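Here the structure is laid out as structure tokens; the discussion comes afterwards.
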Amino acid sequence: MRKIIVSPSLLSANFLELGKELKNMEEAGAEWIHFDVMDGHFVPNISFGIPVLKSISNAHNMFNDIHIMISDPLFYGPKFVDAGADLVTFHYEAVKEDEIELVIKAIKEKGAKVGLSIKPKTEVNKILKYLDELDLVLVMSVEPGFGGQSFMENSLEKIRVLRQEIDRRHLKTLIEVDGGINNETGRKCVEAGVDVLVAGSYLFGKEDVKERIKLLKGE
Ligand code: DX5
Ligand code: ZN
């Protein structure tokens with residue numbers, strides 16, 4: 001049985017108590033923390049960036065899973081590695097096709113892992129050719145930009161296609177899903193073959209966060 005990783009999305013945190021929120025998630029069993037960077041240009045929202053990552057990346061022992069929903073990932077991707085990212089996932093739709101491998105290389109050269117994300121309207125076969133260079137693929141199960149949205153069922157078929165292709169080619173690339181994940185949608189994604197579940201509104205501000213993380217992990 002595949003080990004399921006839970007990556008709480010900081011976008012749903014109480015920013016007045018960020019340190020405490022990080023500590024709570026780590027104590028509740030989260031091994032990763034998902035950091036949603038939004039620039040108000042690639043997505044219609046602005047969240048947080050490099051100074052915030054710098055101040056928190058070493059303040060916990062979780063894996064810093066950075067999701068950059070921004071234009072110009074070639075310029076900014078490596079800067080998030082300098083700020084403490086362990087993994088930087090950029091968007092397929094934010095670059096021209098002939099830039100994708102440049103961004104992958106620029107992030108890897110800085111010593112971090114690299115992921116590629118696709119929005120709900122992007123077909124999964126657009127990224128199959130990059131799988132052997134990627135540490136992770138992120139399937140967006142909502143339109144990027146906001147927490148608290150509803151899960152889009154068409155993500156399940158993308159996860160199944162990725163699982164089949166990664167296993168067929170004996171790759172170690174992880175599959176992550178992000179958006180509208182709760183116990184019920186999380187289970188469907190695990191059955192479809194996902195490795196990492198991102199969850200924001202399902203986990204933050206909840207008294208029973210430890211049980212919720214256990215449920216997502218299938219424990
Ligand atoms: C949306 C972000 C997601 C979001 C998840 O653009 O990439 O990580 O914060 O929040 P929930 O789990 O509430 O959908
Ligand atoms: Zn995200």
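Just so you know, ligand 1 is whichever comes first in the structure, and atom 1 is the first atom listed for that ligand. Worth saying up front: this structure is predicted, and the values here are computed from it rather than measured.
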Check: For ligand 1, which atoms sit closer than 4.0 Å to a heavy atom of His34?
Finding: 8 (O)
Notebook entry, point to check: Given Ser57 and Asn64, is the side chain to side chain donor-acceptor pair (under 3.5 Å) satisfied, shown in steps?
Noted result: CA-CA 7 Å; Ser57 56; Asn64 290 293; 5.0 Å; no
Check: Does atom NZ of Lys113 have more than 12 heavy-atom neighbours, drawn from other residues, nucleotides or ligands, at distances under 6.0 Å?
Finding: no
Note to self: As an exercise, identify every atom of ligand 1 less than 4.0 angstrom from a heavy atom of Met69.
What the structure shows: 6 (O), 7 (O)
Check: Just distances here: any N/O of Gly200 and N/O of ligand 1 closer than 3.5 Å?
Finding: yes
Next item on the list: Report yes or no: does Asp195 contribute a side-chain atom to a donor-acceptor pair with the main-chain N or O of Ile175 at less than 3.5 Å?
Entry: yes
Next item on the list: Please write down residue, atom name and distance for the protein heavy atom closest to atom 9 (O) of ligand 1.
Entry: Ser9 OG, 2.9 Å
Check: Which of the atoms in ligand 1, numbered in the order shown and given with their element, are less than 4.0 Å from a heavy-atom of Met140?
Finding: 7 (O)
Note to self: Using only atom types and a distance under 3.5 Å, with no angle test, would you say the side chain of Asp135 pairs donor to acceptor with the backbone of Leu87?
What the structure shows: no
Checklist line | Exam field: side chain Thr122 to backbone Ile118, donor-acceptor pair closer than 3.5 Å | finding: no
Check: What do you reckon, does Phe146 put a non-hydrogen atom under 4.0 Å from ligand 1?
Finding: yes
Checklist line | Steps toward ring-ring contact (aromatic ring centres under 6.0 Å, His included) verdict (Tyr76, Phe90) | finding: CA-CA 10 Å; Tyr76 290 106; Phe90 67 101; over 10 Å; no
Next item on the list: Check ligand 1 against Pro144 and write out every atom of the ligand that is under 4.0 Å from a heavy-atom position of the residue.
Entry: 6 (O)
Check: Would you say ligand 1 has an N or O under 3.5 Å from any N or O of Gly148?
Finding: yes
Next item on the list: Please assess His67 against Phe35 for the test ring-ring contact (aromatic ring centres under 6.0 Å, His included), listing each intermediate value before the final yes or no.
Entry: CA-CA 6 Å; His67 176 198; Phe35 192 88; over 10 Å; no
Check: Counting from 1, what ligand 1 atoms have a heavy atom of Ala199 closer than 4.0 Å?
Finding: 12 (O)
Margin query: For the residue pair Lys206 and Phe204, would you count it as a cation-pi contact if the rule is NZ or CZ under 6.0 angstrom from the ring centre and within 45 degrees of the ring axis?
Written below: no
Checklist line | Atoms in ligand 1 with a heavy atom of Leu11 nearer than 4.0 Å | finding: 9 (O)
Next item on the list: Among all protein heavy atoms, pick the one closest to atom 14 (O) of ligand 1 and tell me residue, atom and distance.
Entry: Gly180 N, 2.8 Å
Next item on the list: For Met38, counting its heavy atoms only, list the atoms of ligand 1 lying under 4.0 Å from any of them.
Entry: 6 (O)
Notebook entry, point to check: Partners of Asn61 by side-chain hydrogen bond (donor to acceptor under 3.5 Å, both in side chains), sequence neighbours excluded?
Noted result: Glu26
Margin query: Counting only nitrogen or oxygen atoms and a 3.5 angstrom limit, does Gly147 reach ligand 1?
Written below: no
Notebook entry, point to check: If we only count N/O pairs under 3.5 Å, is Glu143 in contact with ligand 1?
Noted result: no
Check: Salt bridge check: are Glu99 and Lys105 linked by an N-O gap of less than 4.0 Å?
Finding: no
Note to self: Using a 3.5 Å cut-off on N or O atoms only, is Gly145 in polar contact with ligand 1?
What the structure shows: yes
Notebook entry, point to check: Does Glu31 come within less than 4.0 Å of Lys217, counting only side-chain N to carboxylate O?
Noted result: yes
Next item on the list: Sort by chain and number the protein N/O/S atoms that are closer than 2.8 Å to the Zn ion (ligand 2), and list them.
Entry: His34 NE2, Asp36 OD1, His67 ND1, Asp178 OD2
Notebook entry, point to check: For atom CD of Gln164, is the number of surrounding heavy atoms from other residues, nucleotides or ligands below 6.0 Å larger than 12?
Noted result: no
Check: For ligand 1, which atoms, with element, lie under 4.0 Å from some heavy atom of Gly179?
Finding: 14 (O)
Notebook entry, point to check: Salt bridge between Glu97 and Lys126, side-chain N to carboxylate O under 4.0 Å?
Noted result: no
Margin query: What I want to find out is whether Glu27 reaches Lys20 closely enough, with some N-O distance under 4.0 Å, to be called a salt bridge.
Written below: no
Notebook entry, point to check: Is a side-chain donor or acceptor of His60 paired with a backbone partner of Met62 at a separation under 3.5 angstrom?
Noted result: yes
Next item on the list: Kindly confirm or rule out an N or O of Tyr202 lying under 3.5 angstrom from an N or O of ligand 1.
Entry: no
Check: Can you tell me which residue and heavy atom of the protein come closest to atom 13 (O) of ligand 1, and the distance to 0.1 Å?
Finding: Ser201 OG, 2.5 Å
Notebook entry, point to check: Which of these, Asp178, Thr185, Val142, has its nearest heavy atom closest to atom 8 (O) of ligand 1?
Noted result: Asp178
